[in-house]
Novice: 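Can you read through this structure? Questions will come right after.
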Amino acid sequence: MASRLFRWNKQTLRNQLSVIRGQRSPDIVLKNATYLSSARKKWLEGHIWIADDRIIYVGDSLPDNTDQAEVVNCTGQYLVPGYIEPHVHPFQLYNPHTFAAYASQRGTTTLVNDNMFFFLHVEKKKALTLIEELDNLPTSMYWWARYDAQTEMEEEDSIFSPSKMMAWVEHPLVVQGGELTAWPRVMTGDDTILHWMQQTKEINKPIEGHLPGASEKTIIQMALLGVSGDHEAMTADEALMRLDAGMTTSLRYSSIRPDLPEMLEGLLEAGITDFSRFTMNTDGSTPAFYKDGVMDQTIEIALEKGVPEIEAYEMASYNAAKHLGIDDYVGMIAPGRIAHINFLKDPSTPKPEAVMAKGKWVYREEKNLYPQKHFSWSEYGVHPLMLDWNLSDEDLHFSMPMGIELVNSVILKPYQIGVDATNEELDPDHDECFFTMLDRHGKWRINTVIKGFAENLGGLATTFSNTGDIILIGKRKKDMLRAFEELKQNDGGIFLVENNEVIEGLPLKLFGAMSLAPMEEVIAKHESIDKKLRERGYKHADPIYSMLFFSSTHLPYIRVTQKGIFDVHKKTVLFPSIMR
C-alpha cells in the first residue's frame, strides 16, 4: 500500500520539475486567469501551468516552452478550485461512478464517500481494490471508515473484525473515521468503537460525528472522545454549539433536511464573520434533489444569504480539504495541487461554464466530456442481488398486535393496530398498510402493519434498505406478491404494482441498492416513483429515505431490524423475527 501514500512517484516528480525549468512543455497553460487564492483570501491575476493531473505553477510568468501546450485565454473568466462534497452516500439509487460523473458537470470534482455498502457486502481486499480503481476517475474519490453498522445485525462482531477495520482506517484514500452513528454505545462504555476512534486519531485523521439533537453536554463529551466535526446541526444555535466545542461544522442542504438557508441566516444574525470552520454538504440526497446542482447549489444559497464571496466558495472547497488534511492535494489553486478547476463567468454564478478535473476537460462548451468507463463491478465482488427462493401466501400472515407508525420520512413510533389484518386486502379509507421485511437470503421474516406510509397502495417491493433486506408494503397481498416476483426477476430494485400490473419500476442491479443507469435516467425514475406514491397517499418528505431507514437504529423510536422489531431507547427486541 506504500505506493498509494503519495500520488506522484519519483520519476513523475522529476518530470514536473523539468516543466518549471523549461525543459518540458506544460500540457495546458491557463493564461490571463483571475483566480481565487485561498492562501491570500483574494482574487489574483496570473497564469496557471498544468502538467498531467497537477498544477505546476501559478503566478506572473508564462512558460518558455509551450511546444506541447494547449494555451487557453481566460480573460473575463473567474477560476475557483473544484468543489468538494465532504459527506456523500453514493448508494442512493445511483452508484459512485454515475454520481461522480454527474456531479462533475456542475463543478463538484472531489467526493468524500461513505464506505458502508462496500464494507458490509464486499470482501476486504476486493473492496479496497475497488476504491483505488474508482480513484482513477477524473473525480478525486476519498472515503470514510465506519465503526458500526447503523442497525442491529446478526454477527456484527465478525463483520467489524480487527483486521478489516485496520485495513480501512489506515488506507490512504480513507481520510476520516465515522460517521459515528453509534455514539450512545461509546458514551455508555463500548471500548471497541472507542479503540477504533483512538486508532483514527493516532494516524491524524479526523472523526465525523452523527449527533442529531445532541445537548451541549453530549457534544462536549464527544469532542473529548475525539469527534472532530459534525453535520447534524438543524438550526443556527445547534451549529454554533458545535463550533464552540471546536468542531468543524458542516451545514446540510439535503432532500430530507434542507436546513442550509435558515442556518446561514441565523449564523449571520449571530454575528459570524469567519466561516473558515464551516463546510457544506448534501448528505446523500436522493436523485431528484440534484436536478439543480450539487455543491454549486449550496454556494449559490450561501451567496444569496449574504455570506462573503470568497468564504462561500471556500466552504465548498478549501475548508473541507483543510479539515480532512488533504489540502496538499485538493481545495486550492496552487502549485502541487491536483488540477481541479472551475471556470465561472462571474463570482455570483457558481455553476461553471467549464470544468477541469485532474487536468482534463470534463465539461466545456455545454458538452459532457467525462470519459466513458465500463466498470466490471462483479470483478470487485459487487453483484446483483440474486434471489433463489420463493415467497408464498403463508409468508403474508399478519397477527402481530403492535404496528409501526411513520411520523415523518424516517421516524417510526409503535402503535396499537386497529384494523383487521387477517383479510387479503385493507380498506383504502385509512393510511394503514401491510408491512413485511424479509431476509435477502430468505431465512426469516417480520410481518406487521405500517401506519402513515400510504392510503391506496396496491403493492411495493424493494431491496433498497440499509441492510439490503427486502421490504414489502401494500393494501393487497396479491399485489405485494406480484411486486416481489418483479423484484426477483430484476435482481433487486423498487417496483410498484396495482391490480396485478407493474405501474413503475427501477431495477437496482448492484446489491439491490444501486442502478447502473446514468444519473439523468435515475432522476427521472425517482421522480416518477415519488409522484405515484404521493398519488397513493405518501405525505412525507422523501419515500426513498423511508425505505432506506426502516432498519437504522441511529434513529428513534423503534426500528425493524434483522433481529426483529427493536426498541432503540431500551436496546431490546420487542418482537423477534420469525424463521421461515
Side-chain angles (χ1 to χ4, degrees), residues 30 32-50 54-61 74-86 107-110 112 140 206 228-229 239-240 242-244 246-251 260 263-265 267-281 295-352 355-356:
L30 304 176
N32 304 323
T34 300
Y35 65 95
L36 174 58
S37 167
S38 293
R40 294 207 209 176
K41 308 297 182 191
K42 63 186 297 185
W43 297 100
L44 299 179
E45 293 183 3
H47 313 297
I48 301 166
W49 312 356
I50 295 167
R54 200 177 194 192
I55 298 173
I56 302 300
Y57 172 87
V58 180
D60 295 333
S61 299
C74 299
T75 300
Q77 291 183 305
Y78 292 78
L79 278 56
V80 296
Y83 307 140
I84 300 173
E85 218 300 15
T108 301
T109 53
T110 298
V112 184
S140 288
S228 321
L240 288 170
R242 287 154 174 77
L243 187 70
D244 292 341
M247 294 181 181
T248 297
T249 304
S250 197
L251 306 178
L260 176 65
M263 284 195 290
L264 288 172
E265 287 175 3
L267 292 170
L268 290 164
E269 288 172 7
I272 292 293
T273 57
D274 181 356
F275 284 83
S276 61
R277 292 188 64 81
F278 289 100
T279 65
M280 298 183 287
N281 75 90
M295 295 310 292
D296 58 309
Q297 189 177 189
T298 68
I299 300 168
E300 186 172 348
I301 291 168
L303 292 171
E304 288 173 353
K305 294 300 176 183
V307 175
E309 192 174 84
I310 289 175
E311 302 252 21
Y313 281 96
E314 291 195 331
M315 287 170 73
S317 55
Y318 178 72
N319 295 359
K322 186 72 173 175
H323 169 68
L324 295 166
I326 54 175
D327 51 313
D328 275 357
Y329 290 99
V330 294
M332 297 178 73
I333 295 178
R337 275 62 180 185
I338 297 171
H340 293 310
I341 300 174
N342 290 335
F343 298 71
L344 313 180
K345 67 177 181 180
D346 60 66
S348 66
T349 309
K351 180 183 177 181
V355 180
M356 182 177 288

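Nothing fancy with the numbering, it's 1 onward along the sequence. All figures in this text were calculated on a predicted structure; none of them were measured in a lab.
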Novice: Sub-3.5 Å donor-acceptor pair from the side chain of Arg54 to the main-chain atoms of Gly336, do we have one?
Specialist: yes
Novice: Nearest 0.5 Å, please: how far is CG in Leu264 from CG in Leu268?
Specialist: 6.5 Å
Novice: Hey, are the side chains of Phe343 and Leu30 touching, using non-hydrogen atoms and a 4.5 Å cut-off?
Specialist: yes
Novice: To the nearest 0.5 Å, what is the distance between CD1 (Ile341) and CG (Leu79)?
Specialist: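 One finds 6.0 Å between CD1 of Ile341 and CG of Leu79.
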Novice: Could you tell me which residues satisfy salt bridge (Lys or Arg N to Asp or Glu O under 4.0 Å) with Glu314, sequence neighbours excluded, listed by chain and number?
Specialist: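 By the salt bridge (Lys or Arg N to Asp or Glu O under 4.0 Å) rule, Glu314 matches Lys41.
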Novice: Any non-hydrogen side-chain atom of Thr34 less than 4.5 Å from a side-chain atom of Cys74?
Specialist: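 No, side chains not in contact.
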Novice: In this structure, are over 12 heavy atoms from other groups packed under 6.0 Å from Asp346 atom CG?
Specialist: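 More than 12 heavy atoms, drawn from other residues, nucleotides or ligands, come within 6.0 Å of this atom.
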Novice: What do the steps show when you test Tyr313 against Ile299 for side chain to side chain contact (heavy atoms under 4.5 Å, CB included), and what is the final call?
Specialist: CA-CA 6 Å; Tyr313 281 96; Ile299 300 168; 3.9 Å; yes
Novice: Determine whether Leu267 and Leu251 satisfy the following criterion, side chain to side chain contact (heavy atoms under 4.5 Å, CB included), listing intermediate values before the conclusion.
Specialist: CA-CA 11 Å; Leu267 292 170; Leu251 306 178; 3.8 Å; yes
Novice: Hey, are Ser250 and Asn281 close enough side-chain-wise for a donor-acceptor pair under 3.5 Å?
Specialist: yes
Novice: Between Ile84 and Thr108, is a side chain to side chain contact (heavy atoms under 4.5 Å, CB included) present by the stated rule, with each step listed?
Specialist: CA-CA 6 Å; Ile84 300 173; Thr108 301; over 6 Å; no
Novice: Do Arg40 and Leu44 have side chains that get closer than 4.5 Å, going by heavy atoms?
Specialist: yes
Novice: Hey, are the side chains of Thr279 and Thr248 touching, using non-hydrogen atoms and a 4.5 Å cut-off?
Specialist: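 They are in side-chain contact.
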Novice: Where do Phe278 and Ile272 land on the side chain to side chain contact (heavy atoms under 4.5 Å, CB included) test, with the steps shown first?
Specialist: CA-CA 11 Å; Phe278 289 100; Ile272 292 293; 4.1 Å; yes
Novice: If you count the non-hydrogen atoms of other residues, nucleotides and ligands that lie under 6.0 Å from CD in Glu45, is the total more than 12?
Specialist: no
Novice: Are any non-hydrogen side-chain atoms of Asp244 and Arg242 less than 4.5 angstrom apart?
Specialist: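 They are not in side-chain contact.
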Novice: In the structure I gave you, are the side-chain heavy atoms of Pro81 and Leu36 within less than 4.5 Å of one another anywhere?
Specialist: yes
Novice: About how many Å separate CD1 of Ile301 and CG of Leu260, when rounded to the nearest 0.5 Å?
Specialist: 5.0 Å
Novice: Say you draw a straight line from OH of Tyr83 to CE of Met295; how long is it, rounded to the nearest 0.5 Å?
Specialist: 10.0 Å
Novice: Output yes when a side-chain donor or acceptor of Arg277 lies under 3.5 Å from a complementary backbone atom of Gly246, and no otherwise.
Specialist: yes
Novice: Centre-to-centre under 6.0 Å for Trp43 and Tyr78, is that the case here?
Specialist: yes
Novice: Report yes if the side chains of Met356 and Thr109 come closer than 4.5 Å at any heavy-atom pair, otherwise no.
Specialist: no
Novice: Verify the distance criterion only: is there a donor paired with an acceptor across the side chains of His340 and Ser140 at less than 3.5 Å?
Specialist: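 Short answer, yes.
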Novice: Is there side-chain contact between Val307 and Met315, with heavy atoms separated by less than 4.5 Å?
Specialist: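 Yes, close enough: below the 4.5 Å cut-off.
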